[in-house]
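Proteins get letters first, then strands, A, B, ... in listed order; numbering begins at 1 in each.
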Amino acid sequence: MKIWALAINTFREAIRDKVLYSLIFFAVLIIGLSVILDNLTIGEPTKIIKDFGLASIEIFGVLIAIFVGIGLVYKEMERKTIYNILSKPIHRYQFIIGKYLGLVLTLLVEVLTMSIALFLILYFYEGKIAFTLLPAIGMIFVALMIITAFALLFSSFSTPILSGLFTLSFFIIGHLTPDLLELVKKADSQTLRYVTEALYYIFPNLEYLNIKGQVVHHLPLEKGYLFFASLYGLLYILIILLLSMVIFQNRDIK
Amino acid sequence: MEHIIKTENLSKVFRAPFTFKKINALTDLRLEITPGEVFGFLGPNGAGKTTTFKLLLGLLKPSRGKIWLWREELKKIELKSKIGFLPENPYFYNYLKAKEYLHFCRHLFALNSQESKKRVDALLDLVGLPEHKNRLIKTFSKGMLQRLGLAQALINDPELLILDEPMSGLDPLGRKEIRDLILDLKNKGKTIIFSTHILSDVETVCDRVGILIKGNLRDCGPLEHLLNPKIKSFELCIKGLSIETVHNLEEQGLNLIKRGNEIFIRVEEKEEKNLLYYLLEKGGELVSFAPRKETLEDLYVNEIKSIDNHHENLGFGN
């Protein structure tokens, strides 16, 4: 109940902020523009729209997660609104979870709005609802939840600019780690291999959650892939949130 | 004796960024607050008043010492259900309306009953904001924010109220209203601890006063015990004196204030008789003559002076 009140308040802050609307507006606009690109390409007509649409949902989701996420704790401290929360019977972990869920709810609305826009365009072209895209959208959402957890973690001890840079780095590295591991397999240095392997396990493997290509090109997924990928994502989120709570628990609210 | 708040050797040391120099914000505070009393925390800016409050609320962790609330160590989060807190210059979410904010606070206390819903409107009435309940907080003046701050501090009908500078930002009428509200809450049996640097507020509402300077509690007790009841000086007002007499008085080093044809003179005890005879002899006409006891202002200024002198003697001064 208390966590829910905090989450709804965070959600309310996001939806009363004009930045969110402009981001969603641009995202829907870009999905619309993909229609033009589609006319210029040969092959299956809706592939470009699907590719573009899914990429837009992810990129704009990441932008929202970073823009809103980095200020989640920092802004409360900076504007001193946190005094009125933590002076009440609220555990610090409840505050962290509430803030996190509020932003996840915001992202859910963003992903749903954009998905509906994408489905409408595709329905116009194909005459049917593109349910096949749902697994990819689900995995994008899991990836966004991971990015949000990172933004919250950095926000609990760092300034927004640094938090933004850190979170963006984790998003980029998260997509590159499997490639790094492949490259380093050919290296001679044992140490370099160990370091890269350690990094591979520390950073989130966002490529594991990226099934946009398979979905758009109708490639089959291994059995249980979605289940294990979701489990991986949720465990990762749990660890990052626990870390945020530990850091925040001992922090002085000056 | 039963205590609502008890602290022992409560200390807080901050580290300056980069240099890591120690800053003693609060040193060995021993404080005992009994149920139903109004305690005034007095001190200049940076004295450690807000730090004390934040320690009592668990917003800061003590560097040393212990805190008990209702005889329990400050670890149980449930203890905060019985506390109402008004921070200094309260900040709220600009995107919310006053009413929405109070409902949000209500949920943070897990108060979901119909009565608690009604309480939101009742509190907005109490603090004088009934017409502004559906206005966005970002359009509020400083005084209105202070009132909303008080309303949120009362949402859980607390036993203990911690108010950090509750009168700041208010006009004289607003100050009187808050003072009356504090007295009203005291009559309802609430315990109130508040900080201020407005001395008249303390004199009118507090049972006990604590003077905090540079992190040290210098004096603590009922006001009448802290102040010296003996007459320290006299203040007399006289008119009709010649210019020569006035010059003469100034040469003697007396403290004179001229206002129109009246002259105010403050004179130490034991010297008042001689001065009065002298002035009447010189043709002066007595307007008023009043004994002066030590005021809270005198005590406060003396405390600040003595700690500054102490620091200078230790070589901390410039």
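At a 4.5 Å heavy-atom cutoff, the contact between A:I85 and chain B is made by backbone and side-chain atoms alike. With a 4.5 Å cut-off on non-hydrogen atoms, B:F14 touches chain A through its side chain but not through its backbone. Residue B:L79 does not touch chain A at all, counting heavy-atom pairs closer than 4.5 Å. Proximity to chain B involves both the backbone and the side chain of A:L6, based on heavy atoms less than 4.5 angstrom apart.
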Distance-only donor-acceptor pairs under 3.5 Å across chain B and chain A:
unit_1 : atom_1 : unit_2 : atom_2 : d
B:K12  : NZ     : A:D252 : OD2    : 2.6
B:K54  : NZ     : A:Y83  : OH     : 2.8
B:G58  : O      : A:R92  : NH2    : 3.1
B:L59  : O      : A:R92  : NH2    : 3.2
B:L59  : O      : A:I253 : N      : 2.8
B:K61  : N      : A:D252 : OD1    : 2.9
B:K61  : NZ     : A:Q249 : O      : 3.3
B:K80  : NZ     : A:L86  : O      : 2.7
B:Y93  : OH     : A:E76  : OE1    : 2.7
B:Y93  : OH     : A:E76  : OE2    : 2.9
B:Y95  : O      : A:R16  : NH1    : 2.7
B:Y95  : OH     : A:N9   : OD1    : 3.4
B:Y95  : OH     : A:N9   : ND2    : 3.4
B:E100 : OE1    : A:R16  : NH1    : 3.0
B:E100 : OE2    : A:R16  : NH2    : 3.0
B:Y101 : OH     : A:N84  : ND2    : 3.2
B:Q152 : OE1    : A:K88  : NZ     : 2.6
B:Q152 : NE2    : A:N84  : OD1    : 3.2

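The residue among B:L108, B:L56, B:L60 with the most heavy atom pairs within less than 4.5 Å of chain A is B:L108. Contact count against chain A (heavy-atom pairs under 4.5 Å) is highest for B:I77 among B:L86, B:L57, B:L96, B:I77.
Across every non-hydrogen atom of B:F109 and A:P89, the tightest pair is CE2-CD, 3.2 Å.
Summarising the local packing, CG of A:L235 is surrounded by more than 12 heavy atoms from other residues, nucleotides or ligands at distances under 6.0 Å. The 12-atom threshold is not exceeded at CZ of A:F67, counting heavy atoms of other residues, nucleotides or ligands nearer than 6.0 Å. Shown here is A:I129, whose CD1 atom has no more than 12 heavy atoms of other residues, nucleotides or ligands within 6.0 Å.
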